[in-house]
*Asks:* 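This is the structure I have questions about; it appears just below.
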Protein chains: 2
Amino acid sequence: METLSKTFWIFDVNQPMPATLKDIAQKVGKSVTTVSRALHDYDDVSPETKALVRQAASELGYIPNILAQRLQKQRTDTLGFILPTFGPRFSDPFFSEFLAGIGNKATELGYDILVATRPPGEEELQAYRDIVQSYRVDGFIIVRTRRKDCRIQYLLETGFPFVAFGRTENAGPYPYVDEDGEYGMRLVVRHLARLGHRRIAFIGAPEDLMFAHCRKAGYLQGMEEAGLPIEASLITTGDLTQRGGYEKALQLLDTSPPPTAIAASNDLMALGAINAAQSRGLEVGRDIAITGFDNIPLAETSHPPLTTVHQPIYQIGHMACEMLVGIITGAQPHPESILLKPSLIVRQSCGVRVAA
Amino acid sequence: METLSKTFWIFDVNQPMPATLKDIAQKVGKSVTTVSRALHDYDDVSPETKALVRQAASELGYIPNILAQRLQKQRTDTLGFILPTFGPRFSDPFFSEFLAGIGNKATELGYDILVATRPPGEEELQAYRDIVQSYRVDGFIIVRTRRKDCRIQYLLETGFPFVAFGRTENAGPYPYVDEDGEYGMRLVVRHLARLGHRRIAFIGAPEDLMFAHCRKAGYLQGMEEAGLPIEASLITTGDLTQRGGYEKALQLLDTSPPPTAIAASNDLMALGAINAAQSRGLEVGRDIAITGFDNIPLAETSHPPLTTVHQPIYQIGHMACEMLVGIITGAQPHPESILLKPSLIVRQSCGVRVAA
DNA sequence: ATTGTAGACCAAAACGTTTTGGATGTCAAC
DNA sequence: GTTGACATCCAAAACGTTTTGGTCTACAAT
């Protein structure tokens, strides 16, 4: 570790003193009130004055002081986003894309974002309480909902605005955006069944996660629809990581007879499963079919490319953000929740027809 | 897409009207000034009064109004973070971890974060200008510095506080945190050379990126140190994605004689290279050595696990954030820049000794 | 002449904090 | 009994906006 011996940068801001409403008022010889109202296009200001004021404002390079506006309106123009995760080294391909979605929309709408990560549990809930009580944000975006979700309960109780990405089981109606994971997983199973697979294994995820629960329900339904028996030995639960998928897939490959297809609850585990199959000398897409869920960028470039279910995570971020701002500003106090129907992305990892 | 027929959630905030300094002042029969100063532990307030005020404050559940504080201090308590990226579907494993690093530190220090993404170029710079001029943030965190970096130039010119993750070539000294990529890549090449490799190929990245430039320089130096000839045909440039690494690796494998080792500029490309080698029937770690750089979470669970150079991205985020806040608050107006010495993580993808 | 109305404007309050520049009282030193 | 030092306190200004609750003028209707 090296340190500079001498440093020279200077952080004296070189910008001109910003103009205020008062400056404009002085310049045009009107009151601050009139100037403010002129700039907001109120109709108790004469057209001439408006023109005058606008002219002066642009000459002085007037930019409203956001802090004063916020104090006056008692709004922070900030949205809270707490990612539930254990430790810093989480590998959630969602995060970047989803946050980019809400971030860009938020910037567009003039909002900031308060980002934090907390492990699910008491510490997490306390973070919500702290932020709510200190009025740091105008609303929250909740991700990775759980079947019993104390965050949603808390926010509903306090009446604090939020939008969730995902549904939950233990709370009345609330605004959310979600993708129909049950339907998506049914698409997967149906596709595999049509290709001739009968022993379709499933790598699920901890079922307190709402989406994991839905996807598993989809698997079960899909199997039933296809008239296939459900075997406990073909159903496992992973931890959503690539390593977890690897391990669970090895386990599944050891059952006899082994499954001819593995449907994973997410892409990361599917990628691990592909590695597992390959390490057993199987050719994925020929000897075994493996599918994922999410359609993360890596899915397209894996080898073989992964058959999966698309989840438009960036757009979901956009929608959630827009919905939340609608609630906060009162434009859409009770927006309609959105449930997206996903589509199947067929790539090579599921192969073609199985030799019966 | 389904819509709810009826919605019931209510966003009337259920919280008690928050107490203000005035309320406390009334309760204890002192002035607002004294209350404020008591809570800030000024020494022109008697211990008795302080106790009284603190008691009352906690009884009333006083929480300072952050907006009023910000207006008064003329500070936003917000840090700007604009990720340079093309399109929403970027797959930057850094992003999540780095942002978690700055996010958690920022929350700890009472700061919010304004997040956005912009493609590098004019639009990006305009975003910086807009945000600076509207006083939306107190400082910026810059990532993925470029050899000629207009963001850094602009911020230095205007004297606006920032900290960069990465160095640049076209600006005087400024505060940064960086990892010595040159050194890291030298470690890689040295290690490969010691294992007996002589034809070590390199997959670089666009050289306008400062880190890419450094890593390539490290490769060249490492080769020279090892007394190995540098062959133009063994040096390529990828786009940092897995797919890019895949394609470039295929290309490299087609040279004759082919390289016995491929050092990629980042892990994602290395993972692609592993796929490429495998698609040619090579066993990575035996028939060919492949190394990455970054030590992203995926590197550990790939097959084979990836030899790479560790970059403590979360901690770098932490440091950058802390440094920036130091600059903003004036506690550390001229912090020492930090250059971290990386360490090599040897896993199976580089194999052991090469059969000469 | 009075009343009403509409158009144009604005002083002051409000948002809740921090800081400035004293004021007041007490006690010791001279 | 004056002076200075110290401890304690506070009114008012400041931050820059938006909103409230008007006023004033001109002109038309009565």
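These figures come from a predicted structure and were not determined experimentally. Within every chain, numbering begins at 1; the chains are lettered A, B, ... in the order of the sequence lines, protein sequences first and strands thereafter.
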*Asks:* Whole angstroms only, please: what is the NZ-P distance between A:Lys73 and C:dG16?
*Replies:* 16 Å
*Asks:* Give the residues of residues 37-56 of chain A touching DNA chain D, defined as any heavy atom closer than 4.0 Å, sorted by residue number.
*Replies:* A:Arg37, A:His40, A:Tyr42
*Asks:* Rounded to the Å, how far apart are A:Leu21 CG and D:dT19 C1'?
*Replies:* 13 Å
*Asks:* Given atom CZ of B:Arg75 and atom C1' of D:dG16, what is their separation to the nearest angstrom?
*Replies:* 18 Å
*Asks:* Pick from A:Arg146, A:Arg144, A:Arg129: which one makes a salt bridge (charged side-chain N to carboxylate O under 4.0 Å, His left out) with A:Glu124?
*Replies:* A:Arg146
*Asks:* Using a 4.5 Å cut-off on heavy atoms from C-beta on, say whether the side chain of A:Pro161 contacts that of A:Phe140.
*Replies:* no
*Asks:* Got a sec, which pairs hit salt bridge (charged side-chain N to carboxylate O under 4.0 Å, His left out) with one end in residues 59-69 of chain A, sequence neighbours left out?
*Replies:* A:Lys27-A:Glu59
*Asks:* Are any of B:Gln69's side-chain N or O atoms less than 4.0 Å away from OP1 or OP2 of C:dT18?
*Replies:* yes
*Asks:* Once you round it to whole Å, what is the distance between C1' of D:dC15 and CZ of A:Arg70?
*Replies:* 15 Å
*Asks:* Quick one: A:Leu71 CG to C:dA14 C1', roughly how many Å, whole number?
*Replies:* 9 Å
*Asks:* Between the main-chain N or O of A:Val177 and the side-chain N or O of A:Ser337, is there a donor-acceptor pair closer than 3.5 Å?
*Replies:* no
*Asks:* Indicate whether the side chain of A:Thr34 and that of A:Ser31 have a donor and an acceptor atom separated by less than 3.5 Å.
*Replies:* yes
*Asks:* Test for a donor-acceptor pair under 3.5 Å between the base of C:dA11 and the side chain of A:Thr33, counting only N and O atoms.
*Replies:* yes
*Asks:* Rounding to a whole Å, what distance do you find between A:Asp77:CG and D:dT17:P?
*Replies:* 15 Å
*Asks:* Would you kindly say whether A:Asp130 and A:Gln126 are connected by a side-chain donor-acceptor distance under 3.5 Å?
*Replies:* yes
*Asks:* So does B:Asp112 pair up with B:Arg70, basic N to acidic O under 4.0 Å?
*Replies:* yes
*Asks:* Just N and O in the side chain of B:Ser36: are any of them under 4.0 Å from OP1 or OP2 of C:dT17?
*Replies:* no
*Asks:* Whole angstrom is fine here: how far is it from NZ in B:Lys22 over to C1' in D:dA11?
*Replies:* 14 Å
*Asks:* CD of A:Gln72 versus P of C:dA14: gap in Å, rounded?
*Replies:* 12 Å
*Asks:* Is the distance from OP1 or OP2 of C:dG16 to the nearest side-chain N or O of A:Gln74 less than 4.0 Å?
*Replies:* yes
*Asks:* Can you tell which of B:Ile327, B:Ile328, B:Ile142, B:Val132 makes a side chain to side chain contact (heavy atoms under 4.5 Å, CB included) with B:Phe162?
*Replies:* B:Ile142
*Asks:* Side chain of A:Val32, heavy atoms from C-beta onward: which of C:dT17, D:dT18, C:dC10 has the nearest atom to it?
*Replies:* D:dT18
*Asks:* Give, ordered by number, those residues of residues 60-68 of chain A having at least one heavy-atom distance below 4.0 Å to an atom of DNA chain D; if nothing qualifies, reply none.
*Replies:* A:Tyr62, A:Pro64, A:Asn65, A:Ala68
*Asks:* B:Thr49 versus B:Val53: any side-chain heavy-atom pair under 4.5 Å?
*Replies:* yes
*Asks:* Counting just side-chain N and O atoms, does B:Ser31 come under 4.0 Å of either OP1 or OP2 of D:dC9?
*Replies:* no
